[in-house]
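Reading through the structure tokens given below for one structure.
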Amino acid sequence: MRGYLARKTLVYGLTFVVAVTLNWLIPRLMPGDPVQRMVARAAVQHPETIESMTVYYERMFGLDLPIWQQYLNYWGSLFRGDLGTSVWLFPTPVSQVVLDAVPYTLGIMIPAIVLSFVIGNTVGAMAARSRWLDNVALPVGYLITAMPYMWLAILLAWGLGVALGWFPVAGGYDFGLVPQWSWSFAADLLHHWVLPFLSLFLVSLGGWAIGMRNLIIYELESDYSNYLSALGAPRRLVRRYAFRNAMLPQITGLALQLGTVLGGALVTEIVFAYPGLGKLVLSAIQNQDFFLLQGTLLFVVIGVLVANFVIDIVYVLVDPRTRTGLTGATA
Amino acid sequence: MTATQPTTGPGTEATEQPGVTGAPSGSRKPGGDVRETLYFALRNPKVLVGGFVVLAFLLLGLIGPAFLRYAPMDYAGPPMAPPGGDFPLGTTTFGQDVFAQFVAGLRSTFLVGVLGGAVAAVIGMTIGFVAGYRGGLIDELLNMLTNVVLVIPGFVVLIIINAYLGVRSVPMQALYIGIFSWPWVARAVRSQTLSLRSRDFIDLARLSGVGVGTILRREVAPNMYSYLFMTFVLLFGGSILTAASLDFIGLGPTNAMSLGLMMNQAVQWSALHLGLWWWFVPPGLGITLIVGSLYIMNVGLDEVFNPKLRET
């Protein structure tokens, strides 16, 4: 078990360094100059003013230092929780903007992931080896999985939002309300939450169901299942063993899926103008606010890594083989 | 990655299992039973239906433009015209022909699928073969690399790359998508290579003194052709979905029309509130049908290649 955790920690540590380095490096390969762009935005003509503004911004963003020092400073400020300053919402620090948006994204992501995982696995386990359900669930599951996240979101927004008028299609809460702790605000928040959650949930559902169905079929063909059946064990008992074994790859799959679901959450939020990280990414791109974009995405990457790590620890609890040092999950 | 593992996540696990049992037991001669494979493929409804849908869209994308009167971006007709008459899929708020955009979008969709899938397949298979066959330190290093890329949320890195470096053509977009969607392929191929490595026929090949490349190409790979092909199909679908998401955020190629871009524009110009369903339904439906058919075809192919799964 110690070896397993040590290996995982090494991988995540390395991934973290690579991700941060990529995040630092890619913008510096970009043609064009953010400082010039900001100076141009101020629309001043006076050359001395431009000069001093350029120097001011470069000093402020630390662009006048040698490249290795910029890299070290980047790490330094990262550990201080300083992700820079937003250009779009100048002088708000990026970390503040990001923290304001995070609850919305987590609010739709966590319920969608958990519910789709639980329900998808249950449906998949039932569908395996049940001809009628299988014939319905399988094609539907594949079609749902094949849907682009934003298309389902668009369809829901149009159908349930615009055409039927059941749910609002834009924003995290009514524009007339001020965020506060009150029942009416909470109800409004929930009302706006339904559609983004639903579309994310539905797209994730199909994949889990299909994966579980295939794994159960595979497990039911294995030796221990045949042996149990030969001993005369009831079908339900055999299936229960199969289910527990099939959960292991599904949990690994959950870790791998996180990045994808997150991408789905980002585009879903954009469709519903939901004030989470996805909307932030879009605004950052449209306003060419690269500090905000970089900070947001770095935050997201760290979040995914942490969640992955947590799932790996859960895996140790679920799979006894990793505890005794046998070959369970490969690191 | 990215939206690439989207579906491939659980989907992969799924197809991986039958593949694992299928390949090693495959004492089948490579290429020797093409006719048998074809026989079963042509009698498998999943392969037939899936293949038919994909081919139909491909054909529409290839020869469709020849029959169009308007270019995708032309202000061709009356704005917001519903489907019918001159415009089979209606027009946008600017009077652009939705059908022309759809056909042009299909082209980029297939292009990004094939190229992105191919890039990911080549990287993943190369790393998987080498890591699995050579073992030792090389395996450790490649495995570490695979794990690192596997955990990085590829879609996020793609956003950064697209936003900063400005991806302005479909092949560039496909290249970047491919670079971040190979890890699960490498893992799966590695584990299969590992199980083949100690077989007698590989030892024999090694004794005969041929190089590593030749052994991998002529002895190892043919034993998992079926699996490799199915892997490519999954990567193909994954690339299409990733590209659609990127295009939708507005980070797609600027010199081409794509299905994701159509949805981007539809949302941007409030087609939802104006009720212009013919603008945003076809592109998403096209993607769903293409990718869904690919997946269903893959299930069918699994049954074709793996006799255990065939329904009698």
Side-chain angles (χ1 to χ4, degrees), chain A residues 11-12 14-15 18-19 22-23 26-27 29-31 138-139 142-143 145-151 154-155 157-158 161-163 169 207-208 210-211 214-215 218 221 249-250 252-253 256-260 262-264 266-267 270-271 281-282 285-286 290 293-294 297 300-301 304-305 308 331, chain B residues 1-7 9-15 17-18 21 144 147-148 150-157 159-161 163-166 184 237 241-242 244-245 248-251 260 263 266-267 272-273 275 277 280-281 283-285 287-296 299 308:
Chain A
V11 168
Y12 286 120
L14 209 62
T15 313
V18 170
L22 271 181
N23 206 9
I26 293 172
L29 299 173
M30 178 182 66
L138 197 65
Y142 274 110
L143 278 182
T145 325
M147 272 186 197
Y149 282 96
M150 62 281 179
W151 189 58
I154 292 174
L155 288 188
W158 175 59
V162 176
V169 290
W208 297 124
I210 292 167
N214 293 349
L215 285 167
Y218 176 73
E221 273 170 9
Q250 289 290 80
T252 317
L256 299 182
Q257 277 296 89
L258 281 180
T260 310
L262 192 115
L266 297 185
V267 293
I270 292 174
V271 173
V281 167
L282 187 71
I285 291 169
Q286 284 172 348
F290 292 112
L293 182 67
Q294 219 182 337
L297 295 179
V300 163
V301 169
V304 169
L305 289 186
N308 259 299
Chain B
M1 115 148 229
T2 120
T4 331
Q5 308 132 7
T7 31
T12 319
E13 297 290 349
T15 42
Q17 300 302 340
T21 51
M144 200 59 94
N147 283 322
V148 166
L150 192 67
V151 194
I152 292 181
F155 186 66
V156 170
V157 182
I159 292 182
I160 303 181
I161 292 179
Y164 284 103
L165 305 183
W184 64 268
L241 287 178
T242 309
S245 290
F248 180 74
I249 304 185
L251 292 176
M263 287 190 266
V267 169
L272 285 153
H273 299 275
W277 55 267
F280 55 80
V281 170
L285 191 63
I287 294 177
T288 307
L289 284 179
I290 293 172
V291 178
S293 305
L294 284 173
Y295 290 163
I296 290 174
V299 180
K308 267 195 196 166

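Labels below follow one simple rule: chain letters A, B, ... track the order of the sequence lines, proteins then strands, and each chain is numbered from 1. The analysis underlying the following values was restricted to heavy atoms, covering all of them including side chains, and did not include hydrogens, waters or symmetry mates.
Looking only at side-chain heavy atoms (C-beta outward), Leu155(A) and Val281(B) come within less than 4.5 Å of each other. Looking at heavy atoms from C-beta onward, Leu22(A) lies out of side-chain contact with Ile160(B) at the 4.5 angstrom threshold. Between Asn147(B) and Thr15(A) the shortest side-chain heavy-atom distance does not fall below 4.5 Å. Looking at heavy atoms from C-beta onward, Leu293(A) lies in side-chain contact with Ile159(B) at the 4.5 angstrom threshold. Counting heavy atoms from C-beta outward, Val271(A) and Met263(B) have side chains that stay 4.5 Å or more apart.
Of all non-hydrogen atoms in Gly292(B) and Ala146(A), the two that sit nearest each other are N-CB, 3.1 Å. The minimum heavy-atom distance between Thr288(B) and Pro148(A), with the atom names listed, is OG1-CD, 3.5 Å. Minimum heavy-atom separation, Val169(A) to His273(B): CG2-CE1, 3.5 Å.
For chain A, the nearby parts of Leu285(B) are the backbone and the side chain; heavy atoms of each come within less than 4.5 Å. Heavy-atom distances place both the backbone and the side chain of Leu297(A) under 4.5 Å from chain B. Residue Val301(A) touches chain B through both its backbone and its side chain, counting heavy-atom pairs closer than 4.5 Å. Neither the backbone nor the side chain of Gln286(A) comes within less than 4.5 Å of any heavy atom of chain B. Looking at Leu266(A), only its side chain comes within 4.5 Å of chain B, counting heavy atoms on both sides.
Tyr295(B) contributes atom OH, which lies 9.0 Å from atom CD1 of Ile210(A) (distance to the nearest 0.5 angstrom).
Put simply, the residue from Val281(A), Val304(A), Leu262(A) that forms a side chain to side chain contact (heavy atoms under 4.5 Å, CB included) with Val156(B) is Leu262(A).
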task: Go through the steps for Ile249(B) and Met150(A) under the test side chain to side chain contact (heavy atoms under 4.5 Å, CB included), then give the verdict.
output: CA-CA 10 Å; Ile249(B) 304 185; Met150(A) 62 281 179; over 6 Å; no

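In this structure a side-chain-to-backbone donor-acceptor pair under 3.5 Å is present from Trp151(A) to Phe280(B).
For Val267(B), the side-chain contact (heavy atoms from CB on, under 4.5 Å) test picks out Ile154(A), Phe248(B), Leu272(B), with sequence neighbours left out.
The most heavy-atom pairs under 4.5 Å with chain A, out of Ile287(B), Leu251(B), Val151(B), come from Val151(B).
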